[in-house]
Amino acid sequence: MTSTSRRGRRGGDEEAPARPARAAQRRGRPDPGRRGRAGAGPAPEQAGAGFVSRARALRRRWIAVLSVLTVLGLAYVLLFTSLLGVRSVEVTGNRDVGADRVREVAEVPERRAMLRVDTDAIADRVAGIPGVATVDVSRSWPSTIEIAVTERTPAGVYDTGSTLYLVDTGGVVYKEISERPQGLPEFKMSEVGADKAATRAVIAVRRALPEQLRDKVTQWRADSPGSVEFTLRSGKTVRWGDASDSDRKAKVLGALMTRQGKVYDVSSPALPTVS
C-alpha cells in the first residue's frame with residue numbers, strides 16, 4: 001500500500017513543472033517558452049517586400065520629376081527659342097495684290113517662336129489691304145506662316161466726280177483706280193457703300209439676275225431701295241423697283257424682252273409694261 005502511494009506521488013511530481021508556467025500566466029508574466037517567438041522580427045521575405053516597395057516608390061518619384069523637367073524643357077524650346085522659329089512666310093490666293101505687299105503689311109516677326117506668333121493680329125493687318133476680302137493665317141510646322149487671302153471681285157465702278165473707285169460684289173468701295181476697266185458697269189448713284197440701303201438693294205437685284213443678262217448691264221441706278229433700275233448694252237432700260245420677288249421679276253423680264261421697246265418695267269411683275 002505504501003509503495004503504491006509513493007508511486008502515485010512520483011507521478012504527481014512529474015507534472016509539477018507545468019504548474020509554475022500556468023501560475024506565471026495567471027500573474028501576467030510572459031511564458032518563458034513563448035518569449036522568443038513574441039519578440040522575433042519580421043520574416044525575411046517580408047523585409048524584402050518592404051525594400052522592393054520603397055524602391056518602386058523612389059523610381060516613380062524620379063519618373064515624375066523627369067516628366068515634369070521634360071515638359072518644361074519642351075515648353076522652353078517651343079516658346080522662347082528660335083529652334084522652331086519663323087523662317088518663311090507663304091502667301092496664297094492672291095492675284096492682283098502682290099505677295100511682297102502682303103508680307104510687308106503682315107509684319108511677321110522673323111525667327112520668333114511659332115507658338116508666340118499672333119496670327120489674329122497678322123490677319124487684321126492684311127485685311128486692311130485694298131482688294132483683300134478675307135484672310136486666313138495659319139502655322140505650317142516646323143517654320144512657315146501661311147497667309148491665304150481671298151481678293152475682292154469687282155462688280156462695277158463708282159465715279160464721285162473727282163475719283164474713280166472699284167466696287168466689289170458686296171457693294172464695298174475698296175480701291176481707287178486711274179481709268180475705268182472695260183466690261184464693268186457704273187454705279188450711277190449719289191452714294192455707294194455696303195452700309196447704304198440703296199446699294200444693298202442694287203446688289204440684291206444684281207445677284208438675282210441671270211448671268212447672261214447681268215453681263216449686259218452697263219449702268220446701275222437707285223435713289224432709294226425701291227427704285228432700282230439698270231441699263232443694258234443695247235440701250236434698253238429696266239425698271240426693277242425693290243429687291244423683293246426678284247426671281248419672278250427675272251422670269252417676267254425674260255418674256256418681256258421679246259417685245260420691242262425702250263423701257264421695260266417689271267417693278268410690279270403682275271402688271272409689267274413696255275414703252
Side-chain angles (χ1 to χ4, degrees), residues 74-189 191-196 199-200 202-207 209 211-212 214-220:
L74 287 174
Y76 179 79
V77 169
L78 292 173
L79 293 173
F80 300 105
T81 71
S82 61
L83 183 62
L84 291 178
V86 178
R87 285 174 171 77
S88 63
V89 178
E90 182 178 347
V91 180
T92 60
N94 61 306
R95 299 186 310 273
D96 298 328
V97 180
D100 290 340
R101 172 63 174 161
V102 173
R103 293 189 184 94
E104 178 184 357
V105 174
E107 297 180 356
V108 180
E110 188 177 359
R111 297 288 180 174
R112 175 170 292 183
M114 291 277 283
L115 287 178
R116 295 181 61 200
V117 174
D118 190 342
T119 55
D120 290 338
I122 294 172
D124 289 341
R125 290 192 289 268
V126 175
I129 299 176
V132 173
T134 62
V135 186
D136 181 61
V137 181
S138 60
R139 300 175 180 87
S140 180
W141 297 96
S143 59
T144 301
I145 295 295
E146 293 184 351
I147 304 176
V149 300
T150 301
E151 295 186 4
R152 298 185 185 277
T153 301
V157 295
Y158 171 50
D159 191 350
T160 65
S162 59
T163 310
L164 199 62
Y165 293 95
L166 287 176
V167 181
D168 77 352
T169 54
V172 176
V173 179
Y174 67 93
K175 184 179 181 180
E176 181 179 340
I177 55 177
S178 58
E179 58 184 30
R180 182 173 302 176
Q182 292 184 350
L184 287 181
E186 180 183 359
F187 284 72
K188 193 73 173 179
M189 302 161 64
E191 289 184 298
V192 176
D195 59 339
K196 307 298 181 182
T199 303
R200 291 199 299 269
V202 169
I203 293 301
V205 172
R206 181 186 179 277
R207 289 172 179 165
L209 290 182
E211 185 177 356
Q212 291 181 346
R214 183 171 63 235
D215 291 342
K216 295 177 181 178
V217 175
T218 60
Q219 191 178 92
W220 293 98

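All figures in this text were calculated on a predicted structure; none of them were measured in a lab.
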Exercise. Passes side chain to side chain contact (heavy atoms under 4.5 Å, CB included), Glu90 versus Ile145? Steps please.
Worked result: CA-CA 6 Å; Glu90 182 178 347; Ile145 295 295; over 6 Å; no
Audit row: Arg152, Leu166, side chain to side chain contact (heavy atoms under 4.5 Å, CB included) steps and yes/no: CA-CA 10 Å; Arg152 298 185 185 277; Leu166 287 176; over 6 Å; no
### Task
Verify side chain to side chain contact (heavy atoms under 4.5 Å, CB included) between Thr153 and Asp168, making sure each step is shown before the conclusion.
CA-CA 5 Å; Thr153 301; Asp168 77 352; 5.8 Å; no
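In plain terms, the two heavy atoms of Asn94 and Ala99 that are nearest each other are ND2-N, 3.5 Å. Taking every heavy atom of both residues into account, Met114 and Ser140 meet most closely at CE-O, 3.8 Å. Taking both residues in full, the closest heavy atoms of Ala194 and Gly170 are given as CB-O, 3.7 Å, listed atom of the first, atom of the second, then distance. Of all heavy-atom pairs between Pro181 and Val157, the closest is CD-CG1, 3.8 Å. Summarising the geometry of Val192 relative to Gly171, their closest heavy-atom pair is CG1-O, 4.2 Å, with the distance given to 0.1 Å. Considering every non-hydrogen atom in both Glu186 and Arg180, the closest pair reads OE1-NH1, 3.5 Å.
A distance of 11.5 Å separates CZ of Phe187 from OH of Tyr158, quoted to the nearest 0.5 Å. The CE atom of Met189 sits 14.0 Å away from the CG atom of Asp159 when rounded to the nearest 0.5 Å. With rounding to the nearest 0.5 Å, the separation of OG1 in Thr150 from CG in Asp136 is 8.5 Å. Taking CG from Asp100 and CD from Glu104, the interatomic distance works out to 8.5 Å, rounded to the nearest 0.5 Å. The distance from atom CZ of Arg214 to atom CD of Gln212, rounded to the nearest 0.5 Å, is 10.5 Å. Rounding to the nearest 0.5 angstrom, the gap separating the CG atom in Asp124 from the OG1 atom in Thr119 is 9.5 Å.
Proximity of Thr92 to Glu146: side-chain heavy atoms (C-beta onward) are nowhere separated by under 4.5 Å. Annotation: side chain of Leu209 is in contact with side chain of Val217 (closest heavy-atom distance under 4.5 Å). A heavy-atom distance below 4.5 Å is not found between the side chains of Glu176 and Leu164. Counting heavy atoms from C-beta outward, Val205 and Trp220 have side chains that approach closer than 4.5 Å. With a 4.5 Å cut-off on side-chain heavy atoms, Val97 and Val132 count as touching. Within the 4.5 Å cutoff, the side chain of Val102 has no heavy atoms near those of the Val135 side chain.
Using a distance-only test at 3.5 Å, with no hydrogens or angles considered, no donor-acceptor pair links the side chain of Glu191 to the main chain of Lys196. Panel note: side chain Arg103, backbone Val89; a donor-acceptor pair is recorded below 3.5 Å. No donor-acceptor pair closer than 3.5 Å links the side chain of Arg87 to the backbone N or O of Arg111. Under a 3.5 Å cut-off, the side chain of Thr169 and the backbone N or O of Ala155 do not form any donor-acceptor pair. Side-chain N or O atoms of Arg101 include none that pairs as donor or acceptor with a backbone N or O of Ile129 at under 3.5 Å.
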